[in-house]
Amino acid sequence: MSIDNAVKENNAESLLSDIAITAELADYSPVKGCMVIRPYGYAIWENIQRILDKMIKDTGHENAYFPLLVPESFLQKEAEHVEGFAPECAVVTHAGGKELSERYVIRPTSETIINHMFSKWINSYRKLNQWANVMRWEMRTRLFLRTSEFLWQEGHTCHATHEESKEEVIKMIHVYEDLLHNYLALPIHIGEKTESERFAGAVSTFSIEALMRDGKALQAGTSHDLGQNFAKAFDTTFTDSENKLVHVWQTSWGVSTRLIGAVIMGHHDEVGLILPPKIAPYQVVIIPILKKNLDNTKVLNQAKLFHKELTDLGLRVKLDDREQISQGIKFNEYEQKGVPLRLVIGERDLENGCVELHRRDIRSKEKDIQIAGLIERIVRLLDEIQSGLFTRALEYRKENTKIVKNIAELDSVLDSKSLGFARAMWNGDVELERILKEKFSASIRCMPLRPELPSDHPCIISGTVSPQNREILIAKAY
RNA sequence: CGGGACAUGGCUCAGCUUGGUAGAGCGCUUCGCUUGGGACGAAGAGGUCGCAGGUUCAAAUCCUGCUGUCCCGACCA
């Protein structure tokens, strides 16, 4: 299916792979459920990594690396953890031509092995992060949004008190909010997961939930309060101020290459991908209009000059001076790849001292832009595109968030083409989750950290008003 | 894991019903002509038809199994 058709028919599944393949972000691998991240897609990940890595270090964490293989017995030490992850673990049983005496799982996450080390190191390291790959054997996979192997960052911290660890959980979910809002241009809701959606082994899980352009919600990152569950399982202890040996309070938090999927499904149009400038591999593409068999030196020199001036400012710029490819094809290619700005310069422009600029986000084309002041204009435009994308996504979310008082009202929200979030009050009765799942194939995405409903808003399932009720966001999700 | 669809040059796909020497468009190579939004003409290269079996004188085509992708469920980040 073409991207154009996929957008019109709101065929999100096919749209995701169409965009990812066409924009050369990824390709299918010979291994089921795995993907190859191509250079253009990996460059986006590197930009995300660079930005987030600084945030993680600025909040007092150090990077380390733990091994890919985890003894299967480690996983079994925490009852809920093994129950949650065992079904999706790949297990190494043979190596060196022999059956292993101890089986190893390929890490689905690293809480267990990190705790094993924490119990030895607790006096020296308490706040670690690692950038790694993990593997979770999935039944149904989708490029970037759910692949069997994916890249992520996982932070693991130890604290003396529960108050401290709870504070860390909230602090890091706000770091993710900063990343999504200010760099990926995706508005998110922060909230706590219900018990059924909690991380296996956590006391509580907070997530950031983004709304995709097809109206489905996407969990884009999580931060867990692990309590003392893993500390007890691995006997990770420290000596407190009263000289008593006590278990530490822990957190873990992560975001993955799913974020690239969030960008794809959060920013696109009928042409293809639209990248926020702050994470775009190329923020500007310069296309000189070249004439075959003629002297293009002047045009090329000017194009190279622009390239240097923009690069010197720290911008990421691509100069496409391939002669054998017509500009029309180049225009199309960079539009599909979501490059925020296109700068076109030809001989005619040169004579008039101007250029042509094309904005990918609103697909506007301005000719006869004076070269004087151009560089400043480009810098300003990139900022406008960045904030414009966020505003557009926020508007979209506002339009697609409905307040509901009862189950019947959900019909109009979740059964319509637009989907989106439903905001409601809930008394905690798990019956609601069953109804949502069976009747609407939807779920409680989170209990938002910043509630918006008045306290007298009735519970969606009981119809009663109570101070015990909690506000929830309901949506269909990926 | 259940139901459905699909798998044919680099890409998009036709051909399969009714078995008989593999096709088109795009892309690629060369030449000519063009050149500010996917130009045109001519010549040419390129495919063990997803994999493995089976039926047949003969299989892209019929049958069986497997693998992968997509869709709908279940499950999950």
Side-chain angles (χ1 to χ4, degrees), chain A residues 1-3 5-6 9-18 20-22 24 26-35 83-89 108-109 134-152 154 193 196-200 202 205 207-210 217-224 252-259 261-262 271 287-294 296 299 323-336 342-352 354-356 358 363 365 367-368 437-438 441 443 445 476-478:
Chain A
M1 188 177 289
S2 71
I3 292 172
N5 284 336
E9 293 173 24
N10 197 12
N11 189 339
E13 303 300 342
S14 131
L15 181 66
L16 174 65
S17 51
D18 284 349
I21 300 290
T22 308
E24 297 182 337
D27 207 344
Y28 295 106
S29 85
V31 180
K32 178 180 164 61
C34 296
M35 67 173 171
E83 192 186 327
F85 279 109
E88 48 189 281
C89 282
T109 178
V134 287
M135 174 161 275
R136 298 178 187 177
W137 213 255
E138 297 292 344
M139 288 175 179
R140 192 170 157 191
T141 56
R142 297 162 186 162
L143 293 178
F144 290 109
L145 291 184
R146 181 174 292 105
T147 45
S148 289
E149 181 187 2
F150 56 92
L151 304 181
W152 79 346
E154 51 178 321
K193 286 291 192 183
S196 64
E197 300 262 332
R198 209 178 272 161
F199 175 76
T205 288
S207 72
I208 52 173
E209 301 284 331
L218 180 77
Q219 177 177 308
T222 48
S223 184
H224 312 291
S252 70
W253 26 273
V255 293
S256 72
T257 36
R258 172 179 265 192
L259 289 178
V271 175
I287 299 180
I289 304 294
L290 302 175
K291 314 247 181 191
K292 243 183 200 170
N293 306 323
L294 290 175
N296 292 307
V299 171
E323 281 187 36
Q324 63 279 23
I325 295 177
S326 77
Q327 61 271 12
I329 291 175
K330 290 179 187 174
F331 293 170
N332 189 250
E333 180 182 331
Y334 294 109
E335 282 168 28
Q336 287 183 327
R342 178 174 70 225
L343 172 57
V344 179
I345 175 140
E347 208 166 273
R348 212 180 296 158
D349 297 308
L350 221 50
E351 285 164 11
N352 300 328
C354 59
V355 297
E356 178 187 300
H358 174 273
R363 302 196 68 203
K365 186 160 69 177
K367 291 187 176 187
D368 305 328
K437 187 172 159 188
E438 288 177 7
S441 41
S443 53
R445 299 318 304 156
K476 295 191 182 184
Y478 275 98

Taking atom types as they are modelled, would you say the side chain of A:E335 forms a donor-acceptor pair with the base of B:rG37 within the 3.5 Å cutoff? yes

C1'-based separation of B:rG10 from B:rA45 [nearest Å]: 13 Å

B:rA77 and B:rG38: how far apart are their P atoms, nearest whole angstrom? 49 Å

Please report the distance separating the P of B:rU29 from the corresponding atom of B:rC70, rounded so that it comes out in whole Å. 32 Å

With sugar-phosphate meaning primed atoms plus P, OP1 and OP2, does A:G33 contact a base, only sugar-phosphate, or nothing at under 4.0 Å between heavy atoms? sugar-phosphate

Of A:E438 and A:L290, the one whose closest nucleotide on RNA chain B sits nearer the 5' end is A:L290

Quick one: does NZ or CZ of A:R258 land under 6.0 Å from the six-membered ring centre of A:F150, within 45 degrees of the ring axis? no

C1' atom, B:rU69 versus B:rU8: distance in rounded Å? 16 Å

Closest non-hydrogen atom pair between A:V299 and A:E347, with its separation: CG2-N, 3.5 Å

So A:Q327, base contact, sugar-phosphate only, or nothing? Heavy-atom distance under 4.0 Å. sugar-phosphate

Between the side-chain atoms of A:N332 and the base atoms of B:rG37, is any donor-acceptor pair under 3.5 Å? no

Is any side-chain nitrogen or oxygen of A:Y28 closer than 4.0 Å to OP1 or OP2 of B:rC70? yes

May I ask you to say what A:H358 touches in the nucleic acid, namely base, sugar-phosphate or nothing, with a heavy-atom cut-off under 4.0 Å? base

Give one of base, sugar-phosphate or nothing for A:S148, where a contact means two heavy atoms less than 4.0 Å apart. nothing

Side-chain N,O (A:K437) to OP1/OP2 (B:rC75) below 4.0 Å: yes

Okay, side chain of A:T141, backbone of A:S148: is any donor-acceptor separation there less than 3.5 Å? no

Measure from the side chain of A:I289, starting at C-beta and using heavy atoms only, and say which of B:rG36, B:rA77, B:rG37 lies closest. B:rG36

Go through B:rA74, B:rU69, B:rG38 for me and flag the one nearest to the A:T141 side chain. B:rU69

Under 4.0 Å, heavy atoms only, any strand: does A:K365 hit a base, just the sugar-phosphate, or nothing? base

Just verifying a value: how many Å separate A:S256 OG and A:E154 CD, rounded to the nearest 0.5 Å? 11.5 Å

B:rA42 pairs with which nucleotide, Watson-Crick or G-U wobble, both distances below 3.5 Å? B:rU30

Which nucleotide in B:rG68, B:rG37, B:rA39 has an atom nearest any side-chain atom of A:K32: B:rG68

Contact class for A:L218 (heavy atom, under 4.0 Å): base, sugar-phosphate, or nothing? nothing

Should A:R142 be listed as having a side-chain N or O under 4.0 Å from OP1 or OP2 of B:rU69? no

For a quick check of understanding: with a heavy-atom distance under 4.0 Å over all strands, which category does A:F199 fall into, base, sugar-phosphate or nothing? nothing

Among B:rC1, B:rA77, B:rG36, which is the nearest nucleotide to the side chain of A:R348? B:rG36

Quick one: does A:R136's side chain have a donor or acceptor within less than 3.5 Å of a partner on A:P108's backbone? yes

Touch class at under 4.0 angstrom, heavy-atom based, for A:E333 against every strand present: nothing

Rounded distance [0.5 Å steps], CD1 in A:I287 versus CG in A:L343: 9.0 Å

With rounding to the closest Å, how many angstrom separate the P atoms on B:rC1 and B:rG65? 15 Å

Among the nucleotides B:rG37, B:rA77, B:rA74, which one has an atom lying closest to any side-chain atom of A:R140? B:rA74

Using the C1' atom as the reference point in each nucleotide, state the distance between B:rU61 and B:rC16 in Å, no decimals. 4 Å

Tell which nucleotide pairs with B:rA5, taking only Watson-Crick or G-U wobble pairs whose two distances are both under 3.5 angstrom. B:rU69

First locate atom CG of A:L290, then atom OG of A:S326, and finally report the distance between them rounded to the nearest 0.5 Å. 11.0 Å

